[in-house]
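This is a predicted model, so every value here is computed, not measured.
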Amino acid sequence: MVTVHEIPPQMRPTLLECMNKLKEIIILFRKFLDTEDYSYVEEAYRLNQEVKSNPEFLKFMSGYADLDNNIQAMYNMVKERGGDVDSLTHGKLSNQAVYIITRANIIYTGLEFRMKRMRKG
């Protein structure tokens, strides 16, 4: 019998793919902070849409709705301004990126914990 906290071994590839996509999102937002290149926000948004469209991924991730809302809001802000962002708005976007990275790392750590608890079967 599998409890709510355990994931059956056959779900391991799906869980790993989900973790990899989250890690890619984290990396893209770190690149945005390092380079101030808004194309990384757009790429992270596209990747997040892939994650969001996979119901198997969503089963694993507690707190994902908040992460998704923040990525969506940041993407919309960049899209509305066409990449022409003033300093104040850029500061807000940078703060938002840090929050997104933190939130994604928390979700990733939870997935990692679930992976370690996965029964070998």
Side-chain angles (χ1 to χ4, degrees):
M1 180 174 159
V2 177
T3 67
V4 74
H5 297 292
E6 292 177 357
I7 299 172
Q10 63 268 26
M11 294 301 293
R12 182 181 177 87
T14 305
L15 183 58
L16 281 172
E17 184 182 354
C18 181
M19 290 172 69
N20 288 336
K21 294 217 182 269
L22 261 181
K23 193 54 109 175
E24 286 180 56
I25 289 171
I26 292 166
I27 290 168
L28 288 167
F29 278 105
R30 285 181 179 163
K31 286 180 178 180
F32 162 70
L33 290 173
D34 288 343
T35 65
E36 299 180 2
D37 183 349
Y38 295 103
S39 67
Y40 291 117
V41 174
E42 293 168 1
E43 179 65 19
Y45 172 80
R46 185 199 59 74
L47 191 57
N48 183 58
Q49 292 303 104
E50 289 179 27
V51 170
K52 186 162 79 171
S53 67
N54 188 327
E56 293 296 319
F57 291 170
L58 299 179
K59 290 180 196 175
F60 298 136
M61 295 187 289
S62 176
Y64 173 75
D66 185 47
L67 176 68
D68 178 48
N69 289 337
N70 282 285
I71 292 172
Q72 181 73 44
M74 190 170 174
Y75 172 76
N76 288 340
M77 195 179 297
V78 169
K79 187 177 175 185
E80 286 171 8
R81 289 166 176 79
D84 185 27
V85 178
D86 61 27
S87 293
L88 182 62
T89 304
H90 180 75
K92 289 178 183 178
L93 289 171
S94 295
N95 285 340
Q96 189 76 4
V98 170
Y99 179 80
I100 289 169
I101 291 167
T102 303
R103 170 58 77 186
N105 271 319
I106 290 168
I107 294 171
Y108 184 89
T109 301
L111 295 175
E112 197 172 45
F113 177 75
R114 292 179 84 179
M115 178 72 80
K116 289 178 182 175
R117 289 184 46 103
M118 187 176 288
R119 293 165 53 97
K120 313 268 192 279

**Q** I need the minimum non-hydrogen distance between Asp37 and Phe32, along with the two atoms involved.
**A** O-CD1, 3.5 Å
**Q** For Asp66, does its backbone N or O pair with a side-chain atom of Arg103 as donor and acceptor, under 3.5 Å?
**A** no
**Q** By ring-ring contact (aromatic ring centres under 6.0 Å, His included), which residues pair with Tyr40, not counting sequence neighbours?
**A** none
**Q** If the plane angle is over 60° it's perpendicular, under 30° parallel, otherwise tilted; pick one for Tyr75 and Tyr45.
**A** parallel
**Q** Report the C-alpha separation of Leu67 and Ile25 in whole Å, then their side-chain angles, then the decisive distance to 0.1 Å, and conclude whether the side chain to side chain contact (heavy atoms under 4.5 Å, CB included) test is met.
**A** CA-CA 11 Å; Leu67 176 68; Ile25 289 171; 5.5 Å; no
**Q** Not counting sequence neighbours, which residues clear salt bridge (charged side-chain N to carboxylate O under 4.0 Å, His left out) with Lys52? List them please.
**A** Asp68
**Q** Grab the two heavy atoms, one from Leu33 and one from Ala97, that are nearest each other, plus how far apart they are.
**A** CD2-CB, 3.9 Å
**Q** Are Ile27 and Val78 connected in a single hydrophobic cluster, I mean Ile/Leu/Val/Met/Phe/Trp/Tyr linked by side-chain heavy atoms less than 4.5 Å apart?
**A** no
**Q** Roughly how far, to the nearest 0.5 Å, is CE of Met11 from CD of Glu17?
**A** 10.5 Å
**Q** So which heavy atom on Ser62 is nearest to which on Ile107, and how close?
**A** O-CG1, 3.5 Å
**Q** Not counting sequence neighbours, which residues clear side chain to side chain donor-acceptor pair (under 3.5 Å) with Gln96? List them please.
**A** Asn70
**Q** Excluding sequence neighbours, so at least two apart, what forms side chain to side chain donor-acceptor pair (under 3.5 Å) with Thr102?
**A** none
**Q** Shortest non-hydrogen contact from Met74 to Leu93?
**A** CE-O, 3.2 Å
**Q** Which heavy atom of Thr14 sits nearest a heavy atom of Phe60, and at what distance?
**A** CG2-CE1, 3.7 Å
**Q** Tell me whether Asn20 contacts the main-chain N or O of Leu16 through its side chain, where contact means a donor paired with an acceptor under 3.5 Å.
**A** yes
**Q** Which residues satisfy the ring-ring contact (aromatic ring centres under 6.0 Å, His included) test with Phe29, sequence neighbours excluded?
**A** none
**Q** Kindly state each residue pair satisfying side chain to side chain donor-acceptor pair (under 3.5 Å) with at least one member in residues 21-34, sequence neighbours excluded.
**A** Lys21-Glu50
**Q** Quick check: is Leu28 connected to Val98 through a chain of hydrophobic side chains (ILVMFWY, heavy atoms under 4.5 Å apart)?
**A** yes
**Q** Report the distance from atom SG of Cys18 to atom CE of Met115, rounding to the nearest 0.5 Å.
**A** 9.5 Å
**Q** Looking at Ile26 and Asn105, what are the two nearest heavy atoms and their distance?
**A** CD1-OD1, 3.3 Å
